[in-house]
Each structure stands twice: as C-alpha cells, then as structure tokens.
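Written below as structure tokens is the structure these notes are about.
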Amino acid sequence: MAQRTLARYLTEEQRDKGVITGDLKFLIEIVSRACQAISIAIGKGGLGGVLGEAGSDNVQGEAQKKLDVLSNEILLEANEWGGHLAAMASEEMDLPHLVPNRFPKGEYLLTFDPLDGSSNIDVNVSIGTIFSVLKCPEGADLSTPEAAEQAFLQPGTAQVAAGYAVYGPTTLLVLTVGDGVAVFTLDREQGQFVLTQENAQIPADTKEFAINMSNRRFWEAPVRRYVDEMVAGREGPLGKDYNMRWVASMVADVHRIMTRGGIFMYPMDEKVRDKGGKLRLMYEANPMAFLVEQAGGAATTGRQRILEITPDKLHQRVPVILGSKNEVDRVTGYHAD
Ligand code: AHM
Ligand code: MG
C-alpha cells in the first residue's frame, strides 16, 4: 500500500471527508515544509553556525537565540506568498506580520512559536515549533499591524488547525484539523512527512507528572497540594507512586504525554503572576490544548478551560495544566475547593 504522506492525509481530509478546505490543506503543507527547513538547520548545529545568542531581545524581553530568529524567518518567508493567509503572528514579533501587498491574501491567520524550548537549543535536547490556525473575521481591519492584532483575539475553540513539530532523535509533526490527532514522521531521504500514527489517544489516568519543581515555593495552594500528594506516592492520599519528567521544552513534554499519558503543568505562581502566567495563550497554550482535547485529554488554567479564554492581547500569558483527563480534572477541582 502506498505510504500515507502528509499531503495524502490532507487530501483525504479535504476531498473525502470535507473536514478542511483546499486553502487550509495548502497552508498546513507550507508550514510542514518550513518545519522541515528548520529541522535541517537545527541538524547542522555547530557546523551551520546556528547555535548561540542572536544578540537581540524579543517583545517579551527574552534573549533571542540565532535559531529563534532563523526559524521565525523561515516560517514568515514560506507562508507569505501562497495566497492562503491574511496575516501571521509570532512569539518573536511584537506585532502581526501582514502579507505584503505584492502577494495575494487569503482567509486564514497563522500564529506560531517558531522555536519552543530555546534553553535546550545549545545543549542538544529536543525543541519544537508550535502553530495554530484561525479564520480571519470578515471585514477585519488589516490596514496596519497595530489594527490587525484585533483579528487574532479569538478563543481557542475557533482554531481550525493546530500542531507542533518536535525536533528530537526523529522529527515529528503532530497535527489536528479537529478530526483527531495524527502523527507524521519526517522521512529525511524522501523529504516528506509520513503518517505513523492516526487517532493518538491520551490515557485518562497517569502516574507521571511534569512541572518545574524548583518553583514549588511560588505555587498556589491547589497545585502545591496536588504535587505533594503525588510525591507522597503509595502512602499518600492518591495511593500510587508517581514518576516525574521535565524536559523544559513544552513540545517535548507534551509529546511524551501524547505518547504515553501524563500531566503537564506550568501553573500560576508568584514569580509570573503580574504577567498572567509563563506560557503564551495564542501560540503555546491554545494549540496544545486543542491537540490534547482532540486526543481525549483535558486542558485548563486550573480555573477555566483554556480553549474558552477570550484573549485581550496577542502575547497574553496563561497558567497551563494539561494531559490525562482524570488528573487534570482532579487538580482543577482542587482550585474550586
Ligand atoms: P520559550 O518559548 O521561550 O522557549 O519558553 C517556553 C518554555 C516551555 O517550552 C517550557 O515548558 C518552559 O518554557 C520552561 O520553563 P522553565 O525554564 O521554567 O523550565
Ligand atoms: Mg515557547
């Protein structure tokens, strides 16, 4: 049987099932090509001169790595000419990037974290790209980048596609178009993403958690209670021993959960309270929440379903608790006590 490449999978979603439009199919294929190019640049490492600091800060005041800047440029350039997009927004840019007038415009908006897990770039640990696709509201003002921000401020339930690429021992693309979650593996010789798992499912229960434990003293009481109960193990109220994993690349931590279950938390804490949280809603929390829900898991801030948040700014941050449904429900319930 012929290999089910990403292109073929998307054609089936479009032509046979009517889940997506031809333009959305094209958009996802272009994003996947950009992810391949990023994967190649990462693979060169020290040989390509791509490691280290870029010498600049992004809008959030974080030092940019050369690969942050390069990945952002690859995604912008790949996507701006195709006629499928109205505008793009990225972790690395203060304002939305409008499609230049010399190119045709389309009906979609794309947001991305071009290279998530920056602290892991130089130590050769998995990093990734996260993306989300929205429809541009009719009549949206796209006359200036400042005006265009408004078009992006839609809840995560409005996403029409979301995904991530994880650049690990293998490069994977994990995708949802609202019809379950499919996993593709990059065949480097063919230069194609090939379907390797359809309908990924996150088990409802888990014995594995992911959180930056060094922040314990800054957490709120419900998260501290829950983590303390897990650490107490078999003798504690949860009655089972837990294991802990923390890669510090959201893509890698979420991908582990996508593969074998678990719970990931970057909760509200005193260090990040004035910013609203650590992770960004539009291009980190929302796409991951969409994927996780499509795989049978859950995603909340502790107090609210992530996908139902109406954003008030492009770079908004939120607390994130996601993964195996029963565990997410438990800690979310602790916030209500
Ligand atoms: P980034 O987008 O600048 O790479 O930051 C996001 C990352 C997530 O991938 C990860 O979950 C978290 O920040 C790691 O935070 P910490 O440094 O507290 O471990
Ligand atoms: Mg990130």
Side-chain angles (χ1 to χ4, degrees), residues 27-28 30-39 42 58-60 62 64-65 67-76 78-79 88-93 97 108-121 125-134 152 154 156 158-168 171-178 181-184 186 193 200 210 247-259 264 266 277-295 297 299 306-307 309 311 314-318 320 322-323:
L27 191 169
I28 294 167
I30 302 255
V31 170
S32 82
R33 293 274 159 203
C35 291
Q36 277 190 55
I38 295 169
S39 176
I42 290 168
N58 68 11
V59 55
Q60 350 242 347
E62 299 158 341
Q64 290 177 305
K65 304 273 187 183
L67 273 173
D68 283 324
V69 175
L70 182 67
S71 305
N72 194 53
E73 279 166 8
I74 288 174
L75 278 156
L76 290 180
N79 279 288
M88 291 175 257
S90 156
E91 177 180 335
E92 303 303 332
M93 301 182 301
H97 177 90
Y108 292 104
L109 300 171
L110 175 67
T111 69
F112 46 83
D113 178 352
L115 206 58
D116 180 65
S118 296
S119 68
N120 281 322
I121 295 174
V125 170
S126 296
I127 46 186
T129 297
I130 311 172
F131 67 93
S132 159
V133 186
L134 294 162
F152 286 87
Q154 308 178 40
Q159 292 171 102
V160 292
Y164 60 82
V166 51
Y167 312 111
T171 289
L172 302 177
L173 185 78
V174 179
L175 174 73
T176 185
V177 291
V181 175
V183 181
F184 303 84
L186 179 61
F193 280 103
V247 180
S249 289
M250 188 190 200
V251 271
D253 285 307
V254 169
H255 190 66
R256 185 183 58 256
I257 289 169
M258 199 55 92
T259 308
F264 169 92
Y266 217 113
K278 159 91 177 183
L279 298 173
R280 275 59 53 117
L281 176 63
M282 303 293 300
Y283 39 81
E284 291 178 327
N286 267 343
M288 291 309 201
F290 189 20
L291 286 156
V292 164
E293 286 199 4
Q294 283 290 317
I306 285 174
L307 294 181
I309 299 171
L314 187 59
H315 297 290
Q316 184 165 336
R317 296 178 188 245
V318 289
V320 174
L322 60 76

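None of the values given here were measured: they were computed from a predicted structure.
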Exercise for review: In sequence, state the C-alpha distance, the side-chain angles, and the governing distance for Asn79 and Met88, and then conclude on side-chain contact (heavy atoms from CB on, under 4.5 Å).
Suggested key: CA-CA 9 Å; Asn79 279 288; Met88 291 175 257; 3.7 Å; yes
Point to revise | For Asn72 against Ser90, the heavy-atom pair lying closest together | key: OD1-OG, 2.7 Å
Review point. Does the side chain of Glu284 come within less than 4.5 Å of Val320's, by heavy atoms?
Key: no
Practice item. May I ask you to test the Val254-Val166 pair for a side-chain heavy-atom distance under 4.5 Å? Key: no
Exercise for review: Just jot down the salt bridge (Lys or Arg N to Asp or Glu O under 4.0 Å) partners of Arg317, sequence neighbours excluded, or say none.
Suggested key: Glu62
Exercise for review: Using the test side chain to side chain contact (heavy atoms under 4.5 Å, CB included), find all partners of Ala165 that sit at least two apart in sequence or belong to another chain.
Suggested key: Cys35, Thr129, Tyr167, Leu173
Check your understanding: Taking side chain as C-beta onward, heavy atoms only, is Phe264 less than 4.5 Å from Leu279?
Key -> yes
Review point. Can you tell me how far the CE atom of Met282 sits from the CG atom of Leu134, to the nearest 0.5 Å?
Key: 5.5 Å
**Study point:** Any donor-acceptor pair under 3.5 Å from Asp253 side chain to Val247 backbone
**Key:** yes
Point to revise | Validation row: Glu92, Phe112 side chains within 4.5 angstrom (heavy atoms) | key: no
Review point. Listed by chain and number, what are the side chain to side chain contact (heavy atoms under 4.5 Å, CB included) partners of Ala299, not counting sequence neighbours?
Key: Ala289, Ile306, Leu322
Point to revise | Nearest heavy-atom neighbours spanning Phe131 and Tyr164 | key: CE2-N, 4.0 Å
Check your understanding: Nearest 0.5 Å, what's the CG-CD1 distance between Leu67 and Ile121?
Key -> 5.0 Å
Check your understanding: Who passes side-chain hydrogen bond (donor to acceptor under 3.5 Å, both in side chains) against Ser32, sequence neighbours left out?
Key -> none
Point to revise | Over all atoms of both residues, closest heavy-atom pair of Ser71 and Ile38 | key: OG-CG2, 3.6 Å
Check your understanding: Taking C-beta and beyond as the side chain, do Asp68 and Glu91 meet within less than 4.5 Å on heavy atoms?
Key -> no
Review point. How long is the gap from CE on Met250 to NZ on Lys278, to the nearest 0.5 Å?
Key: 11.5 Å
Exercise for review: Please lay out, stage by stage, how Val292 and Ile257 fare under the test side-chain contact (heavy atoms from CB on, under 4.5 Å).
Suggested key: CA-CA 9 Å; Val292 164; Ile257 289 169; 5.6 Å; no
Review point. Would you say Thr111 and Asn286 make side-chain contact, with heavy atoms under 4.5 Å?
Key: no
Exercise for review: Check Ala89 against Leu314 and note the closest heavy-atom contact, atom names and distance.
Suggested key: CB-CD1, 3.7 Å
Exercise for review: Could you pull out all residues at least two apart from Ser132 that satisfy side-chain hydrogen bond (donor to acceptor under 3.5 Å, both in side chains)?
Suggested key: Gln159
Revision key, fill the gap. All heavy atoms of Ile28 vs all of Ala161, minimum pair found to be CD1-CB, 4.0 Å
Point to revise | Shortest non-hydrogen separation from Leu291 to Gly163 and the atoms involved | key: CD1-CA, 3.8 Å
Point to revise | Approximate separation, where rounding is to 0.5 Å, of Ile130 CD1 and Met288 CE | key: 4.0 Å
Exercise for review: Could you pull out all residues at least two apart from Tyr283 that satisfy side-chain hydrogen bond (donor to acceptor under 3.5 Å, both in side chains)?
Suggested key: Gln60, His315
Exercise for review: Kindly indicate whether the side chain of Val181, heavy atoms from C-beta on, has any atom under 4.5 Å from the side chain of Leu175.
Suggested key: no
Check your understanding: How many angstroms lie between CG in Leu172 and CE in Met258, if you round to the nearest 0.5 Å?
Key -> 11.5 Å
Review point. Quick one: CD1 on Ile127 to CD1 on Ile42, what's the gap to the nearest 0.5 Å?
Key: 4.0 Å
